[in-house]
Amino acid sequence: MRIAIATMNTDETTYDHISLSNKFGYARKHNYAIKFDLDMPRDLVPMAVWHKLNMIEYLIRTAEYDWIWWIDYDTVITNTSVKLENIITDALKGATKPNDIDMILTADCWPLNAGSMLIRASPRMFPFLSAVWECGNKKTEPSEQDCIRDMLIKAPMSATYRSRAIWIPQTKINAFPKEVPCYDKHEKGWKPGDFVVHFAGAWAHLPEKLKKDSYGVLMRKYSEWIE
């Protein structure tokens, strides 16, 4: 199985070395490709996070990969022995038509968290990505996460795309720490031995004195658990 990891960051942070060395080291360990972007097109609308769609499309168009793992920058892969191909295989076993599944996703305390997604690198994804872009262009303050969610679970677009995605437990590829208790229906946070920990929205959960570098605080804390 040919797998590429994709992530991006447009601003300098206090945890750049942790995030990059962790992801590049993991990719090297398992012979995965990795694409990291430091900037985005100048005319990109509406905000930087939407560039993930460009990166996913680019990797699909290379025709060099079977699956893409999009992983947000504010994450630490804590169990580097876990293989993505095993996660993909196990997830597809639960699908009625595994060959029709193009997205392996997770929820958090909301229906979707787009910070860790497994995407089949197939041209079948192009119409979906175009629909997500169109959704974004119609919103005043669009979120790519909201638009991906809407394409999958809201009519009328869900009739076309819902069967193309499956949701797996959050802790499989997108665990949140106890400091960010926004859990999916299984109500489980990250624990030692879990694959990856994600600090989405950390600024809203930490004490005021830590908010200035909330992501850095948690990245440094949990990087000590890397196996």
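Given the structure is predicted, the values throughout are model-derived calculations rather than measurements. Each residue takes its place number in the sequence, starting with 1. Keep in mind that the numbers below use all heavy atoms, side chains included, and drop hydrogens, waters and symmetry copies.
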For a quick check under 3.5 Å, do [X] and [Y] share a side-chain donor-acceptor pair by atom type?
| X | Y | value |
| --- | --- | --- |
| D213 | T14 | yes |
| D16 | Y73 | yes |
| T7 | W70 | no |
| R149 | S143 | no |
| S116 | N174 | no |
| T80 | K29 | yes |

According to disulfide bond (SG atoms under 2.5 Å apart), does anything in [range] pair up with another residue at least two apart or in another chain? List the pairs.
| range | result |
| --- | --- |
| residues 50-107 | none |
| residues 197-227 | none |
| residues 184-227 | none |

(request) Taking the six-membered ring of Y58 (Phe, Tyr or Trp), confirm whether the NZ or CZ of K35 is under 6.0 Å from its centre and within 45° of its axis. (result)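 Relative to the ring axis of Y58, which defines the angle, K35 lies inside both limits.
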(request) Taking the side chain as every heavy atom from C-beta outward, state whether W167 and L112 have any atom pair closer than 4.5 Å. (result)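 Counting from C-beta outward, W167 and L112 do come under 4.5 Å.
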(request) Check whether more than 12 heavy atoms from other residues, nucleotides or ligands sit under 6.0 Å from atom CD of E227, and answer yes or no. (result)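 Counting other residues, nucleotides and ligands, CD of E227 exceeds 12 neighbours.
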(request) Look at the aromatic rings of W190 and W225 and report parallel, tilted or perpendicular, splitting at 30° and 60°. (result)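 The rings of W190 and W225 stand perpendicular, inter-plane angle above 60°.
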